[in-house]
Trainee: 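Attaching a single structure in structure tokens format; questions to follow.
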Amino acid sequence: MGDIPVGSCCMLVLVCFQVLSADVHRGHYIAAVYEHHVILNPNPTGITSRRSALQLMNRNLDIYEEQVIAAVKQVLHRLSCMALKNQVFLVVNLGTKQPCTHSDHRCPPDGRYHFNTNVVFSDSGTLIARYRKQNLYFERAFDTPAEVDYTVFNTPFAGKFGVFTCFDILFYEPTVKLIKEYNLKQAVYPTAWMNQLPLLSAVEFQQAFAVAFNINLLAANIHRPDLGMTGSGIYTASESFIYYNMENDKGKLIVAKIPITPRRETNNNMQTCFSNSPMDHQVCHKEHQEAHCEKAETGAQEAPPIFHGEMMYDNFTFMPIMEAEGEIQVCSNTLCCSLSYQRLFVSKELYALGVFDGLHTVHGTYYVQACVLVKCGTLDYTSCGQEVTKATERIDFQLQGNFSTAFVFPLLLKSGITLDFADYLGWEKNHYVMQKKGASSGLITAGLYGRWYEKD
Ligand SMILES: *[C@@H]1O[C@H](CO)[C@@H](O)[C@H](O)[C@H]1NC(C)=O
Ligand SMILES: *[C@@H]1O[C@H](CO)[C@@H](O)[C@H](O)[C@H]1NC(C)=O
């Protein structure tokens, strides 16, 4: 491709196929992602000159080369694909540079573009694709390509894979367009993602993305707990194999056998909202008779107070959950969220239903519509929206909102940054609905995170 690697960081995503046991693996392939411990600029926004950023990048080059070689050796050693290394496709993220001339008015003064690039090597070791990052996240060392890269590569074992990176996952270009246009079922996603609770922890959103688009996602984050970076995984629409570790500095290889065609099994459970739980009937009832349902269920109880609080730098409208069971609704702009809940035991923990419908403007500009049930930091209302990693309370719930966008990412994060899947997800008339019962551990976040791309 004419790009010269200059090295920035390294993340590996490998996909391979076991020919020897094709019978056993029919309909599946083996995916591997490596969360690598890497040396990074600790303060990406603090570098003021392109020159110093490039120096840092070059310093990383040496480490990068060593680590990639070591990692590939290790990976190949541990994978049963070792003997079949020709069947391995490798995706690596690195910095690349491309010479430009000054007749090109976008050409930087040093005569070179620098891109944050994913490169793809085929099973024969050939460079077959490259993707240059579109949505830079305060990366002064890098340029945005003049035209959006829509990158896919083809494999003999699982068809087409789409490629995008990091912050791209939140945007229409190129990510959503790529998935729709190529009708993708597989995507590889190297990232350097700083976890942000309660809504944008790496594994939380990676899973939500795989579920929302019904695709397999191979996501390799950088391992730097000191910078809040950890959280990689291999996700199908109904299973997640993840690594999240804030405790030590060790990288991790994740290997999983996954179906070529992702299936969203949870959705078969319930196409309508008729099942035998009283909670469902209550909610169904409410769909048709908004005002009466709540009254019938909660009697003469006073409506809980509404308050505002900052979560993820956005001004959310909250309502606490106060009873052992009940139903509440909160609105913001044109989005109304309702929650029907039943607490399995009432702990000394505060939970609140939050809604936000507006333009997010801190660390990037993008329009969000969100309905979320979160565990608050303390028993104080002002703590709702804070980062929480542990919870004991298990709650059966149905959460829904009348979103204006079709792109709703279902978040379900449990105590200790573990993941769970909803029992039901889907549209019912103009409401997107998530339902979960019988959880085995405490709830941190249950959310419907909508992205209204047209309003960015
Ligand atoms: C949040 O929004 C509410 C209602 O629109 C407003 O009254 C409040 O001042 C806002 N809070 C902040 C911190 O902007
Ligand atoms: C959502 O529901 C509320 C309350 O019924 C309504 O005012 C609002 O217009 C609805 N939003 C959309 C996008 O339909």
Side-chain angles (χ1 to χ4, degrees), residues 172 176 196-200 212 273 280-298 302-321 326-341 350-374 376-378 380-388 397-411 424-435 445-456:
Y172 192 83
V176 178
Q196 202 185 2
L197 288 167
L199 309 183
L200 291 178
C273 46
D280 296 331
H281 288 296
Q282 182 188 338
V283 174
C284 291
H285 185 61
K286 179 174 183 290
E287 282 272 298
H288 306 292
Q289 285 172 281
E290 288 269 337
H292 307 286
C293 185
E294 189 176 339
K295 222 174 181 175
E297 290 298 323
T298 57
E302 272 180 44
I306 286 178
F307 61 96
H308 294 274
E310 191 181 276
M311 174 154 69
M312 315 285 295
Y313 303 101
D314 294 321
N315 185 357
F316 272 74
T317 306
F318 284 107
M319 188 180 275
I321 69 173
E327 194 169 335
I328 54 176
Q329 189 182 58
V330 202
C331 303
S332 163
N333 288 337
T334 64
L335 175 65
C336 283
C337 306
S338 42
L339 173 76
S340 160
Y341 65 91
L350 175 63
Y351 283 83
L353 172 63
V355 54
F356 178 71
D357 178 6
L359 190 66
H360 175 94
T361 55
V362 178
H363 303 155
T365 302
Y366 45 93
Y367 200 98
V368 174
Q369 283 198 316
C371 292
V372 293
L373 171 62
V374 289
C376 306
T378 65
D380 195 315
Y381 288 166
T382 59
S383 73
C384 297
Q386 284 180 0
E387 304 213 339
V388 172
F397 66 87
Q398 176 159 309
L399 176 64
Q400 58 181 358
N402 62 346
F403 291 85
S404 301
T405 172
F407 299 98
V408 180
F409 299 91
L411 313 173
Y424 173 77
L425 285 171
W427 290 95
E428 283 171 16
K429 297 199 187 130
N430 60 337
H431 288 71
Y432 192 82
V433 181
M434 174 198 253
Q435 185 180 309
T445 303
L448 298 171
Y449 188 92
R451 277 285 289 113
W452 194 350
Y453 302 111
E454 292 92 334
K455 293 192 63 146
D456 284 357

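Numbering of ligands and ligand atoms starts at 1, following listing order.
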Trainee: So if I apply the ring-ring contact (aromatic ring centres under 6.0 Å, His included) rule between W452 and each of F356, Y366, Y367, which one comes out positive?
Mentor: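 One option only clears the test, and that one is Y367.
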
Trainee: Tell me whether T334 has any N or O atom under 3.5 angstrom from an N or O of ligand 2.
Mentor: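 T334 vs ligand 2: N/O contact under 3.5 Å present.
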
Trainee: Return the minimal non-hydrogen interatomic distance between S404 and T334, and the atom names on each side.
Mentor: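 Distance-wise, the nearest heavy atoms are OG-OG1, 3.8 Å.
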
Trainee: Which pair of non-hydrogen atoms, one from L448 and one from V372, has the smallest distance, and what is that distance?
Mentor: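 Shortest heavy-atom separation between L448 and V372 comes out as N-CG1, 4.4 Å.
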
Trainee: Please list, chain by chain and in numerical order, all residues satisfying side chain to side chain contact (heavy atoms under 4.5 Å, CB included) with T361, sequence neighbours excluded.
Mentor: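 L359.
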
Trainee: List every atom of ligand 2 that sits less than 4.0 Å from any heavy atom of S404, numbering the atoms from 1 in the order shown and giving each element.
Mentor: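 Within the 4.0 Å cut-off of S404, ligand 2 contributes 13 (C).
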
Trainee: Please find the pair of heavy atoms, one from N402 and one from C336, that lie closest to each other, and give the distance.
Mentor: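 Closest pair (atom of N402, atom of C336, distance): OD1-N, 2.8 Å.
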
Trainee: How would you list, by chain and number, every residue that makes a side-chain hydrogen bond (donor to acceptor under 3.5 Å, both in side chains) with T365, sequence neighbours excluded?
Mentor: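 Checked T365 against side-chain hydrogen bond (donor to acceptor under 3.5 Å, both in side chains); zero matches.
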
Trainee: What does the N/O contact table under 3.5 Å look like for ligand 1?
Mentor:
residue	atom	partner	partner atom	Å
ligand 1	2 (O)	N315	ND2	2.4
ligand 1	11 (N)	N315	ND2	2.8
ligand 1	14 (O)	N315	ND2	3.3

Trainee: Pair up each side-chain donor or acceptor in residues 304-319 with any protein partner under 3.5 Å, not counting sequence neighbours, and list the distances.
Mentor:
residue	atom	partner	partner atom	Å
D314	OD1	H360	ND1	3.1
D314	OD2	H360	ND1	2.8

Trainee: Which of the numbered atoms in ligand 2 are under 4.0 angstrom from any heavy atom belonging to C336?
Mentor: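 Matching atoms, with element in brackets: 2 (O), 3 (C), 4 (C).
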
